[in-house]
Amino acid sequence: MTLQHYLVISAILFTLGIFAVLTRRNAISILMGIELILNSCNLNFAAFSRFMTPSTDISGQIIAIFGIVLAAAEAAVFLAIILAIYREFGSIRPDEVDTLKG
């Protein structure tokens, strides 16, 4: 596979992620779209590191692993917020939640 193949796959993932974020009304589906966007960025980091740097340089893979760790932490925080919203309002649809109570 060449760099162009990886970039096409990454562009498809990014487009699907943007589509999911913009069209979904469920908070979990929005989270999945954000994860698709982050994974497409990680794929770009790894692909550019593989094809544009010497074979001993793994900085792109390290950045991608760091991105995966950040995505896992972001998902945990997002799910905790969604659980709190569900307990308060009884729904996880973002457009139904219009107030933040202290």
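Computed over heavy atoms, backbone and side chain alike; hydrogens, waters and symmetry mates excluded.
Closest of all the heavy-atom pairs between Ala71 and Leu38 is CB-CD1, 3.8 Å. For Gln61 against Ala46, the heavy-atom pair with the smallest separation is NE2-O, 4.1 Å. Smallest separation of non-hydrogen atoms from Ser10 and Ser40: OG-O, 2.8 Å.
Tracing side-chain contacts under 4.5 Å through hydrophobic residues (I, L, V, M, F, W, Y), one never reaches Phe89 starting from Ile28; they form parts of separate clusters. Cluster annotation: Ile12 and Leu36 are assigned to the same hydrophobic cluster (Ile/Leu/Val/Met/Phe/Trp/Tyr, side-chain heavy-atom contacts under 4.5 Å, transitive). Hydrophobic clustering of Ile, Leu, Val, Met, Phe, Trp and Tyr side chains at less than 4.5 Å, counting indirect connections, keeps Val69 apart from Phe45.
In this structure Phe51 satisfies the ring pair (Phe, Tyr, Trp, His ring centres under 6.0 Å) test together with Tyr6, sequence neighbours excluded. Taking Ile68 as the reference, Asn42 meet the side chain to side chain contact (heavy atoms under 4.5 Å, CB included) condition, with sequence neighbours excluded.
Side-chain atoms of Ile9 and Met1, non-hydrogen and from C-beta on, do get closer than 4.5 Å to each other. Using a 4.5 Å heavy-atom threshold, the side chains of Glu74 and Leu31 count as touching. Taking the side chain as every heavy atom from C-beta outward, His5 and Val8 never approach each other to under 4.5 Å.
If you take CD1 on Ile82 and CD1 on Ile85, they are separated by 4.5 Å, rounding to the nearest 0.5 Å. Here Ser49 contributes atom OG and Ile58 contributes atom CD1; the two are 8.0 Å apart, rounded to the nearest 0.5 Å. In this structure, CG on Leu70 lies 11.5 Å from CD1 on Ile63, to the nearest 0.5 angstrom. Taking OG from Ser29 and CD1 from Ile92, the interatomic distance works out to 8.0 Å, rounded to the nearest 0.5 Å.
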Checklist entry - Where do Phe48 and Leu7 land on the side chain to side chain contact (heavy atoms under 4.5 Å, CB included) test, with the steps shown first? => result CA-CA 9 Å; Phe48 277 112; Leu7 294 179; 3.7 Å; yes
Would you be so kind as to tabulate the donor-acceptor pairs closer than 3.5 Å made by side chains of residues 13-23, with sequence neighbours excluded?
| unit_1 | atom_1 | unit_2 | atom_2 | d |
| --- | --- | --- | --- | --- |
| Thr15 | OG1 | Ala11 | O | 2.7 |
| Thr23 | OG1 | Phe19 | O | 2.6 |

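Checking side-chain atoms of Asn39 against main-chain N and O of Glu35 turns up a donor-acceptor pair under 3.5 Å.
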